[in-house]
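Heads up, the thing below is written out as structure tokens.
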Amino acid sequence: MNGVNQTLYIPLYGKAYVSRKGIILDDQKAEEIWAAEGFALKGKSKSKWLAYYMGIRSAVFDAWVRQQIAGTEDAVVIHIGCGMDSRILRVGTMNHKWYDVDFAEVIGERKRYYCESADYQMIAGDVRECSWLTNIPEKKRAIVVMEGVSMYLTSKELHALTASLCAHFDQVAFLMDCYTTLAAKMSKYRNPINDVGVSEVYGIDRPESLQHGKFSYVKEHTMIPQEFIDELSGIEKHIFGKLYAGNLSKKLYRMFEYRKV
């Protein structure tokens, strides 16, 4: 896999790590895949602090998807840049159609561990080109999550992606995490993704800058809710809170919700 594709092993490790400890996220599939693949992470990529962060980030996305599915009929769920993530198993479809989307090489690996069904399909495609949307016949409502992906897309590419989603669906609920421009600059030198050969990333400071037409910014979400920090114990809880939930962290990482209605 190329550098960007290899970044999928970083959150996979984090989810497997917290799941083995019995905190934050129950992800037996991540444990299974990590044990089988044994990708050689190094440096900051294998930090327990980053593992906690990756687990919490995924748990926040999971909670949002559950809420959206429960409150939206006749919607499809689209996980852009799914990697090897098992959100489909952790959340369940609740009789909604679910599509996981990623590069062809990633989907090829993914099909070794996941099986498609009437409610679940994997789509190979480059999210920057959007032709993959032709594989989705539904047009009414979409619940879209994009976790750990926006930082690899330019603002022009993000705009094109969301415009394509809005052109395809009558209604769209969209949640993504992102770097700020400060984080993007720092990431050239101090980011775990450097350990797998990635240095070019992008940041967003004004969520309103991605609005267009009926696609509007709704609100910012808390990336590290206290309820998950509280699952850590002792000095780890204190250190993690300072590293990933303190003032510096809030200047680097953010989570935005958008909607077309």
Side-chain angles (χ1 to χ4, degrees), residues 1-2 4-20 22 24-39 41 51 54-55 57-70 72-149 161 165 168-169 173-176:
M1 292 190 183
N2 63 29
V4 171
N5 288 349
Q6 288 178 357
T7 62
L8 66 86
Y9 288 107
I10 300 174
L12 178 66
Y13 169 74
K15 284 173 278 194
Y17 183 88
V18 299
S19 184
R20 286 197 304 269
I24 301 168
L25 204 68
D26 180 9
D27 199 334
Q28 296 179 33
K29 180 61 74 170
E31 293 184 53
E32 173 195 341
I33 298 173
W34 183 258
E37 295 296 327
F39 185 77
L41 290 179
M54 291 295 177
R57 185 180 72 177
S58 288
V60 171
F61 272 96
D62 286 359
W64 185 82
V65 174
R66 288 191 190 95
Q67 181 184 50
Q68 296 302 313
I69 290 177
T72 311
E73 296 182 356
D74 301 322
V76 298
V77 180
I78 304 174
H79 184 175
I80 295 176
C82 59
M84 302 298 279
D85 184 80
S86 68
R87 178 160 293 121
I88 176 68
L89 301 180
R90 297 193 305 267
V91 173
T93 66
M94 303 182 202
N95 296 318
H96 289 63
K97 189 66 180 286
W98 187 302
Y99 297 95
D100 276 345
V101 183
D102 214 315
F103 292 112
E105 187 176 10
V106 175
I107 294 298
E109 288 293 303
R110 186 176 178 84
K111 286 185 175 181
R112 295 170 53 208
Y113 294 98
Y114 296 88
C115 297
E116 294 181 316
S117 67
D119 291 335
Y120 175 59
Q121 183 177 338
M122 290 173 272
I123 299 176
D126 187 333
V127 300
R128 296 167 297 185
E129 297 175 356
C130 299
S131 57
W132 55 269
L133 275 166
T134 60
N135 293 288
I136 300 178
E138 294 85 0
K139 303 278 189 177
K140 197 170 184 180
R141 301 184 182 95
I143 298 164
V144 185
V145 287
M146 193 165 73
E147 179 184 0
V149 175
L161 170 61
L165 288 168
H168 190 88
F169 295 102
F174 184 87
L175 183 68
M176 71 173 186

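Owing to the predicted nature of the structure, the values given are computational and were not obtained by experimental measurement.
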Practice task
Please report the shortest heavy-atom distance between W132 and A124, naming the atom on each side.
Solution key: CB-O, 4.5 Å
Problem - Minimum heavy-atom distance S58-R90, with the two atoms named - result: CB-NH2, 4.0 Å
Fill in the blank from the handout: Of all heavy-atom pairs linking K140 and D74, the shortest is NZ-OD2, 3.8 Å
Handout entry: Spacing of CD1 belonging to I78 relative to CE belonging to M146, to within rounding of 0.5 Å
Key = 12.0 Å
Practice task
For residues F174 and W64, report the shortest heavy-atom separation together with the two atoms involved.
Solution key: N-CH2, 3.9 Å
Practice task
Answer whether the closest heavy-atom distance between the side chains of D126 and F103 falls below 4.5 Å.
Solution key: yes
Problem - Trace of the side-chain contact (heavy atoms from CB on, under 4.5 Å) decision for V145 with R87 - result: CA-CA 10 Å; V145 287; R87 178 160 293 121; 4.2 Å; yes
Problem - Rounded distance (nearest 0.5 Å) linking atom CD1 of I69 with atom CE of M94 - result: 5.0 Å
Problem - F61 and D85, any side-chain heavy atoms less than 4.5 Å apart - result: no
Practice task
Mind checking the OH-CH2 spacing from Y120 to W98? Nearest 0.5 Å is all I need.
Solution key: 8.5 Å
Completion exercise
Rounded to the nearest 0.5 Å, the CD atom of Q67 sits from the CD1 atom of I143 at a distance of 10.0 Å
Handout entry: Salt-bridge criterion met for K15 and D27 (N-O under 4.0 Å)
Key = no
Practice task
Can you measure from CD (E31) to CG (D26) and round to the nearest 0.5 angstrom?
Solution key: 7.5 Å
Exercise for the section: For residues M54 and I10, determine if any side-chain heavy atom of one lies less than 4.5 Å from a side-chain heavy atom of the other. Expected result: yes
Practice task
Under the side-chain hydrogen bond (donor to acceptor under 3.5 Å, both in side chains) rule, collect the residues that match up with E138, sequence neighbours excluded.
Solution key: Y99
Handout entry: Donor-acceptor under 3.5 Å (D62 side chain, V91 main chain)
Key = no
Handout entry: Residues D100, R110: salt bridge by 4.0 Å N-O rule
Key = yes
Practice task
Determine whether I33 and Y114 make a side-chain contact, defined as any pair of heavy atoms from C-beta on separated by less than 4.5 Å.
Solution key: yes
Exercise for the section: Report yes if the side chains of I123 and I107 come closer than 4.5 Å at any heavy-atom pair, otherwise no. Expected result: no
Problem - Atom pair CG (D102) and CE (M84), whose distance is rounded to the nearest 0.5 Å - result: 10.0 Å
Fill in the blank from the handout: Heavy-atom closest pair (H96 atom, A75 atom, distance to 0.1 Å) is CD2-O, 3.1 Å
Practice task
Could you pull out the closest heavy-atom pair between Y113 and A36, with the gap in Å?
Solution key: OH-CB, 3.3 Å
Handout entry: Any Q68 side-chain heavy atom under 4.5 Å of L175 side chain
Key = no
Exercise for the section: Report yes if some heavy atom in the side chain of E147 is under 4.5 Å from a heavy atom in the side chain of M176; otherwise report no. Expected result: no
Practice task
Keeping the roles fixed (side chain from K97, backbone from I136), state whether a donor-acceptor pair exists under 3.5 Å.
Solution key: no
Exercise for the section: Would you indicate whether E116, at its atom CD, is surrounded by more than 12 heavy atoms from other residues, nucleotides or ligands within a distance under 6.0 Å? Expected result: yes
Exercise for the section: Assess whether side-chain contact (heavy atoms from CB on, under 4.5 Å) is satisfied between L161 and C130, documenting all intermediate values. Expected result: CA-CA 6 Å; L161 170 61; C130 299; 4.0 Å; yes
